[in-house]
Amino acid sequence: MEADSPMGLRRLLSEAERLLARTGVAKPAVQPSRDPRFGEVTSTAAFLVARELKRDPREVAEDLASRIDLSEAELVESVEHVNGYLNFKVDWTRYAKAILDEIFSEGAGYGSSGIGEGRRIIIEHTSVNPNKPLHVGHARNVCLGDTLSRIFRFLGYEVVVLNYVDDSGAQMADLILGFTKLGYPLEPPPNARFDEYCGDVVYVESVRRAESDPSLAEERRRIVREIESGSGEAFRLNKLVVEKVLRDQLETCRRLGARYDILNLESAILEYGLWEEVFEKLRRRRAVYYAAEGSKAGCWLLDLSGHPILSREGDEVLVRSDGTTTYTARDIAYAAWKLGGTSKDFEYDLFGENPDGSPIYITSKDGELRKPIRDNVERVINVIDVRQKRPQEIVRYALKLLGLEFEKYIHYGYEVVALSRKDAKRMGYEPEPDQKIVHMSGRRGLYVKADRMLDMLKARAGEEVRRRHPEWGADRVEENAEKIAVAALRYSLIKQDLDKPIILDTDEMLKLEGDTGPYLQYTYARACRILEKADSSYSTQPYGEIGEDEKRLLRRMSYLPILLDEFPSNLMIKPLANYAYKLASEFNVFYEHAPVLQAEENVRKFRLAVVKAFTTVFSIVLNLLGVPLLEVM
RNA sequence: GGGCCCGUAGCUCAGCCUGGAUAGAGUACCGGCCUUCUAAGCCGGGGGUCCGGGGUUCGAAUCCCCGCGGGCCCGCCA
């Protein structure tokens with residue numbers, strides 16, 4: 001076989017398809033079997049043919065099976081027909097070798113088709129207002145966005161990660177009010193982080209006071225205007241506070257394993273006049289209109305009448321009667337920029353560095369750096385929770401009205417993270433009797449901070465690490481516990497369906513057993529220990545009968561390339577998390593039932609190859625999921 | 001009122017996009033397995049009207065329609 005063609009499951013699938021095609025079947029309909037009893041791959045072609053010819057599927061299957069010529073088959077050993085299904089069984093000695101050889105020849109690139117070479121993807125995620133620390137809901141956003149970015153990169157895409165920082169909204173004014181009028185010092189209390197101090201204390205208190213004190217509310221409005229004006233005490237103070245909070249927030253993101261390329265400040269969109277340019281285009285295209293009368297008199301509105309669904313709810317205000325722009329307006333300008341729909345591009349300053357050494361840029365009025373990213377963009381993916389679905393659709397429709405490639409603009413929506421009754425009560429909130437979940441709220445200070453969650457997980461993991469490795473020093477314990485905590489949180493936030501809210505139950509999450517990130521890490525560590533204790537000689541040539549546990553593992557490993565091939569079209573992360581769990585689970589069964597180091601030499605060499613292939617495949621998967629690898633646990 | 005989403009084991013969820021053979025995990029509960037590669041593991045057990053009803057199909061948890069229950073969105077907030 002040719003060295004650069006697939007050798008595992010994909011080769012088997014195409015071989016089965018070819019065999020069927022030679023019998024004259026139009027649609028071979030070959031798929032991996034759901035049960036090994038049905039062979040390795042199965043075809044339902046007989047059902048399709050039977051429908052056409054109005055015959056019994058079982059007869060058709062029998063007929064097809066008898067006409068399949070296996071004389072030139074490489075992997076397929078026999079074809080059986082059962083109840084209309086065609087089950088292909090393989091020569092496992094050759095198939096196992098083919099799977100292992102493919103893994104070893106591809107190495108760390110196993111599973112990547114390289115389909116993204118020369119293509120660029122823009123991913124925006126995180127985008128937390130810089131007035132508070134990240135809570136666990138934000139962490140879901142970060143982990144999803146970062147995982148998308150990891151997978152695309154693995155497939156060869158150039159990925160540009162953006163983080164949108166809304167540094168000029170009313171939420172900033174609330175915070176600044178606390179510093180200027182309520183007497184809060186700029187320095188947080190000892191041992192407190194600045195973002196937590198801002199979010200937990202100053203912001204919450206400021207919101208509460210402004211609700212009951214009209215003069216403070218008036219001062220807050222004044223601060224909003226001053227921040228947007230681009231000068232004055234509030235503007236300067238805000239700039240300072242934004243940067244401090246942002247640096248703390250990014251520390252949390254770094255802890256979670258996320259990386260960024262560009263931080264886009266909302267104020268830059270104003271400073272660069274992006275909105276004015278986009279507004280002018282919208283006017284020329286008659287996509288917006290001025291309301292002379294009615295409840296929206298004095299406003300500029302986006303005409304939604306051409307949209308099948310949005311039109312039912314009335315047009316969208318972009319410019320208020322006082323001349324200020326709405327959030328939607330600025331979001332449209334930003335989205336247009338992403339798609340190359342503005343003539344101006346940002347300039348940047350260096351803000352910091354990712355753990356991999358790559359730079360993080362931040363937009364700046366008189367920046368010295370340029371980073372043109374808008375050419376040759378295949379897709380723009382925006383990770384934003386589902387509550388923004390309608391606003392995002394409005395933005396997308398505006399892009400269409402602007403004549404931009406709105407099909408490329410994708411809202412990657414996901415459900416929120418909410419508190420369980422138990423956790424809400426712990427935080428001093430009293431749920432209604434029939435209330436099952438409690439939504440987090442930054443304004444009320446009702447949220448579980450991402451760092452706090454990580455710290456709890458780390459403390460729990462630390463207990464286990466100390467118990468298992470009493471000889472380890474504090475540093476090593478801490479380092480391991482941190483990685484375990486990150487694995488636990490990341491995995492729990494990405495393994496679940498995007499369409500389902502995650503109800504945070506901290507007690508459950510602190511159990512580091514079962515379908516969890518630490519289970520994956522533990523499995524990897526077990527495999528590493530075998531390799532560490534073994535001599536280095538292994539062989540992909542099976543010896544004797546291959547056990548069912550080995551077959552299951554090999555089957556699963558051979559499936560990764562197919563799984564990743566599907567990713568660019570469905571953007572689903574969950575199947576990969578699911579895959580990781582199943583692969584780990586199958587390795588553990590193998591581990592318990594098939595001794596490696598104790599086995600007779602020829603068997604040992606083959607099993608070592610299986611273990612080595614497993615660590616190769618599994619480390620790829622864990623890296624894609626952002627689950628830190630631990631060689632000892 | 002309009003739009004979107006969810007409903008599968010006591011609990012938390014896979015499977016649904018792309019229909020396929022006896023519907024799977026974790027957890028909880030009960031019972032086994034550490035002189036042999038790490039027990040954060042493995043093995044066994046009980047536990048199901050796949051929300052209900054129609055339809056399409058050789059075949060429906062999966063696709064379509066109608067209900068029921070729950071969540072979210074629909075501001076000159078961001």
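The chains referred to below are lettered A, B, ... by the order of the sequence lines, with proteins before strands, and numbering in each begins at 1.
Whole-Å rounding puts the Leu48(A) CG to rG59(B) C1' distance at 12 Å. Between Arg468(A) atom CZ and rA40(B) atom P there is a gap of 3 Å when expressed in whole angstrom units. In this structure, CD of Glu313(A) is placed 13 Å from P of rC76(B), rounded to the nearest angstrom. Between Arg220(A) atom CZ and rC77(B) atom P there is a gap of 11 Å when expressed in whole angstrom units. Atom NZ of Lys389(A) is separated from atom P of rG71(B) by 19 Å (rounded to the nearest Å). For the pair Leu318(A) CG and rA78(B) P, the interatomic distance rounds to 12 Å; values are reported in whole Å. In this structure, Leu583(A) places its CG atom 17 Å from P of rA25(B), rounding to the nearest Å. Nucleotide rC37(B) holds its P atom 17 Å from the CG atom of Asp535(A), rounded to whole Å.
Here the nucleotide nearest the side chain of Lys574(A), chosen from rA40(B), rG26(B), rG15(B), is rG15(B). Relative to the side chain of Asn87(A), the nucleotides rU38(B), rU18(B), rA21(B) differ in distance, and rA21(B) lies closest. Listed candidates were rU38(B), rC58(B), rA78(B). Nearest to the side chain of Tyr327(A) is rA78(B). The side chain of Val317(A) approaches rC76(B) more closely than any other nucleotide in the set rC76(B), rA14(B), rA78(B). Side-chain proximity of Ile484(A) to rA78(B), rC13(B), rA40(B): nearest is rA40(B). Relative to the side chain of Lys500(A), the nucleotides rU57(B), rC13(B), rC77(B) differ in distance, and rC13(B) lies closest. Each of rA40(B), rC42(B), rA28(B) was ranked by its minimum atom distance to the side chain of Lys511(A); first place goes to rA28(B). For Phe47(A), taking side-chain heavy atoms from C-beta onward, the closest of the listed nucleotides rG20(B), rA78(B), rG26(B) is rG20(B). Distance from the side chain of Cys299(A) is smallest to rC76(B) among rU57(B), rC76(B), rA21(B). In the set rC74(B), rA14(B), rC58(B), the nucleotide with an atom closest to the side chain of Arg51(A) is rC58(B).
Judged by distance alone, the side chains of Asp174(A) and Ser206(A) never bring a donor and an acceptor atom under 3.5 Å apart. With hydrogens and angles left out, the side-chain atoms of His138(A) and Gln249(A) include no donor and acceptor closer than 3.5 Å. Between the side chains of Tyr164(A) and Glu266(A), at least one donor-acceptor pair of N or O atoms lies under 3.5 Å. Using modelled atom types and a 3.5 Å distance limit, the side chains of Ser420(A) and Asp505(A) yield no donor-acceptor pair. Of the N and O atoms on the side chains of Arg490(A) and Thr147(A), at least one donor lies less than 3.5 Å from an acceptor on the other residue. No hydrogens or angles considered: a donor-acceptor pair under 3.5 Å links the side chains of Tyr289(A) and Asp315(A).
Each of Val596(A) and Glu228(A) lies near RNA chain B, and the nucleotide nearest Val596(A) is the one positioned closer to the 5' end.
Across all strands shown, the partner of rC72(B) is rG3(B), judged by Watson-Crick or G-U wobble contacts whose two distances both fall under 3.5 Å. In a base pair of the Watson-Crick type (N1 to N3 plus N6-O4 or O6-N4) or a G-U wobble (N1-O2 and O6-N3), with each distance short of 3.5 Å, rA61(B) is matched with no nucleotide. Nucleotide rC29(B) forms a Watson-Crick or G-U wobble pair with rG45(B), both donor-acceptor distances falling under 3.5 Å.
At a threshold of 4.0 angstrom between heavy atoms, the contacts of Pro501(A) are confined to the sugar-phosphate backbone, with no base atom among them. As judged by a 4.0 angstrom heavy-atom cut-off over every strand, Val319(A) is placed among residues making no nucleic acid contact. No contact: Gln31(A) has no heavy atom under 4.0 Å from any strand. As judged by a 4.0 angstrom heavy-atom cut-off over every strand, Ala525(A) is placed among the base-contacting residues. Across all strands, Asp35(A) comes closer than 4.0 Å to base atoms (heavy-atom distances). Using a 4.0 Å heavy-atom criterion, one finds that Val128(A) contacts no nucleic acid atom at all. Heavy atoms of Asp166(A) sit under 4.0 angstrom from primed sugar atoms or phosphate atoms, though from no base atom. Nucleic acid contact for Ala577(A): none, since no nucleic acid atom lies under 4.0 Å from a heavy atom of the residue. Across all strands, Ala297(A) comes closer than 4.0 Å to base atoms (heavy-atom distances).
For rA78(B), the base has no donor-acceptor partner in the side chain of Asp331(A) [N/O atoms by modelled type, under 3.5 angstrom]. Counting distance only, with no hydrogens placed and no angle test, the side-chain atoms of Arg34(A) and the base atoms of rA21(B) include no donor-acceptor pair under 3.5 Å. No hydrogens or angles were tested; on distance alone, a donor-acceptor pair under 3.5 Å links the side chain of Ser321(A) to the base of rC76(B).
Phe47(A) and Tyr85(A) have perpendicular rings, their planes meeting at more than 60° on a 0 to 90° scale where under 30° would count as parallel.
For Arg526(A) and rU38(B), the shortest distance from a side-chain N or O to OP1 or OP2 is not below 4.0 Å. Listed pair Arg320(A) / rA78(B) meets the phosphate criterion, a side-chain N or O lying under 4.0 Å from OP1 or OP2. Neither OP1 nor OP2 of rG71(B) sits under 4.0 Å from any side-chain N or O of His439(A). Contact annotation: Arg387(A) side-chain N/O to rC72(B) OP1/OP2 distance is not under 4.0 Å. Applying the 4.0 Å criterion to OP1 and OP2 of rU36(B), one finds that Gln598(A) has every side-chain N and O outside that range. Between rC42(B) and Tyr519(A), a contact under 4.0 Å exists linking OP1 or OP2 to a side-chain N or O.
Side-chain atoms of Gln521(A) do not come within 3.5 Å of backbone N or O of Leu622(A) as any donor-acceptor pair.
For Lys612(A), the NZ atom counts as loosely surrounded, since its 6.0 Å shell holds 12 or fewer non-hydrogen atoms of other residues, nucleotides or ligands.
A syn base is found at rC34(B): its glycosidic angle is within 90° of 0.
A stacked arrangement is assigned to Phe38(A) and the six-membered base ring of rA21(B), with a centre-to-centre distance below 5.5 Å and an interplanar angle below 30°. Aromatic stacking of Tyr85(A) on rA21(B): satisfied, with centres closer than 5.5 Å and planes within an angle under 30 degrees.
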